[in-house]
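Structure record follows, encoded as structure tokens.
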Number of protein chains: 2
Amino acid sequence: MTIAKQVQLGKGPLADSAASALAPMFAALADPIRLRLFDLVRRAGVDGICSCDLTEPLDRSQPTISHHLKVLREAGLVESRRDGTWIWYSIAPRALDAVSQFIQR
Amino acid sequence: MTIAKQVQLGKGPLADSAASALAPMFAALADPIRLRLFDLVRRAGVDGICSCDLTEPLDRSQPTISHHLKVLREAGLVESRRDGTWIWYSIAPRALDAVSQFIQR
DNA sequence: ATGATACATCGATAGTTATCAATGTCGTGT
DNA sequence: ACACGACATTGATAACTATCGATGTATCAT
């Protein structure tokens with residue numbers, strides 16, 4: 001079952017399990033650099049954007065950007081695919097569904 | 001200018017200032033206990049809910065709940081008003097506007 | 001094979017956070 | 001004034017996080 005469905009479920013209070021699944025998504029967005037990273041990836045649309053084009057505009061070192069992208073990826077918000085030496089990032093399908101469900105709960 | 005407006009502004013990438021203003025809101029929701037706290041307060045509607053009714057269902061000590069409520073309050077997500085010895089919490093008007101703006105950006 | 005480029009991982013550090021016991025503060029009732 | 005209940009604050013601790021330099025890994029071009 002998707003986290004979004006868990007969050008939506010029932011009319012009772014938000015379950016502990018749903019809250020525990022939801023919190024990491026908010027945590028992934030609880031950093032200015034990651035918010036801007038997510039925004040940049042989202043603006044790139046279905047094509048995605050190369051990791052190499054994300055380091056410079058955010059004024060952080062390459063390992064730091066790599067770290068933040070990993071956090072976003074592990075939260076299920078973005079996806080990556082390799083193309084030669086490049087790695088392209090794009091928004092995961094239904095990435096913000098769970099967050100959106102909570103907001104509109 | 002509201003944070004929501006900053007997030008909405010323009011068609012360029014999310015500005016550093018907007019991201020820095022938005023991140024603390026996500027951070028405030030990046031904890032299971034606070035997500036459930038916010039949910040409980042929201043379910044209470046305009047009347048609000050007494051702090052004393054928030055400690056028990058979340059299985060945390062009174063200082064811990066007090067700490068989390070402070071985080072939510074300082075993030076502008078909830079408001080509190082005193083009524084005798086009780087303190088009533090309610091959802092701040094337009095609490096999630098900025099977050100919502102970002103999601104639908 | 002060699003070198004170069006893109007990205008990830010490691011190790012270290014400084015800053016932040018979640019938690020609780022103890023204590024403080026404020027309002028109420030007696 | 002005094003005791004009590006509701007909540008906040010303090011102090012301490014363990015866990016987590018953002019950051020970067022150094023290093024590792026994978027792919028491509030020559």
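The basis for the numbers below is simple: all heavy atoms, side chains too, and nothing from hydrogens, waters or symmetry mates. The sequence lines fix the lettering, A, B, ..., with proteins before strands; numbering per chain opens at 1.
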Inset, instruction - List the protein contact pattern of nucleotides 15-21 of chain C with one symbol per nucleotide (5' to 3'): B for base contact, S for sugar-phosphate-only contact, - for none; contact means a heavy-atom distance under 4.0 Å. - result: ---SBBB
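- Taking each heavy atom of A/Cys50 and A/Trp88 in turn, the nearest pair found is N-CE3, 3.5 Å.
- Among residues two or more places apart in sequence or in another chain, the ring-ring contact (aromatic ring centres under 6.0 Å, His included) test is passed with B/Tyr89 by none.
- For A/Trp86, the listed nucleotide lying nearest its side chain is C/dC7; candidates were C/dC7, D/dA8, D/dC7.
- Between the P atom of C/dC7 and the CZ atom of A/Arg81 lies a distance of 12 Å, rounded to the nearest Å.
- Atom CD1 in A/Ile49 sits roughly 14 Å away from atom P in C/dA6 (whole-Å rounding).
- In this structure, B/Lys70 reaches the D/dT9 phosphate: one of its side-chain N or O atoms is under 4.0 Å from OP1 or OP2.
- The aromatic rings of B/Phe26 and A/Phe26 are tilted relative to each other, their planes meeting at an angle between 30° and 60°.
- Backbone-only contact: A/Ser51 has heavy atoms under 4.0 Å from sugar-phosphate atoms and none from a base.
- Among A/Thr64, A/Val71, A/Ile65, the single residue meeting the side-chain contact (heavy atoms from CB on, under 4.5 Å) criterion with A/Ile33 is A/Ile65.
- Protein atom CZ of A/Arg82 is 16 Å distant from nucleotide atom P of C/dT5, rounded to whole Å.
- Closest approach of A/Ala44 and A/Gly48 over heavy atoms only: CB-O, 3.3 Å.
- Computed from coordinates, the A/Glu74 CD to D/dT17 P distance equals 11 Å when rounded to whole Å.
- At distances below 3.5 Å, not a single donor-acceptor pair connects side-chain atoms of A/Arg42 with backbone N or O atoms of A/Ser90.
- A/Arg73 has its CZ atom 9 Å from the C1' atom of C/dA8, to the nearest Å.
- The OH-P distance, from A/Tyr89 to C/dC7, rounds to 8 Å in whole Å.
- Here the shortest heavy-atom pairing between A/Ala75 and A/Ala28 reads CB-CB, 3.5 Å.
- Atom P of nucleotide D/dA6 and atom CH2 of B/Trp88 are separated by 12 Å, given to the nearest angstrom.
- Between the C1' atom of C/dC7 and the CG atom of A/Leu69 lies a distance of 10 Å, rounded to the nearest Å.
- Between A/Thr85 and D/dT27 there is no side-chain polar atom (N or O) within less than 4.0 angstrom of OP1 or OP2.
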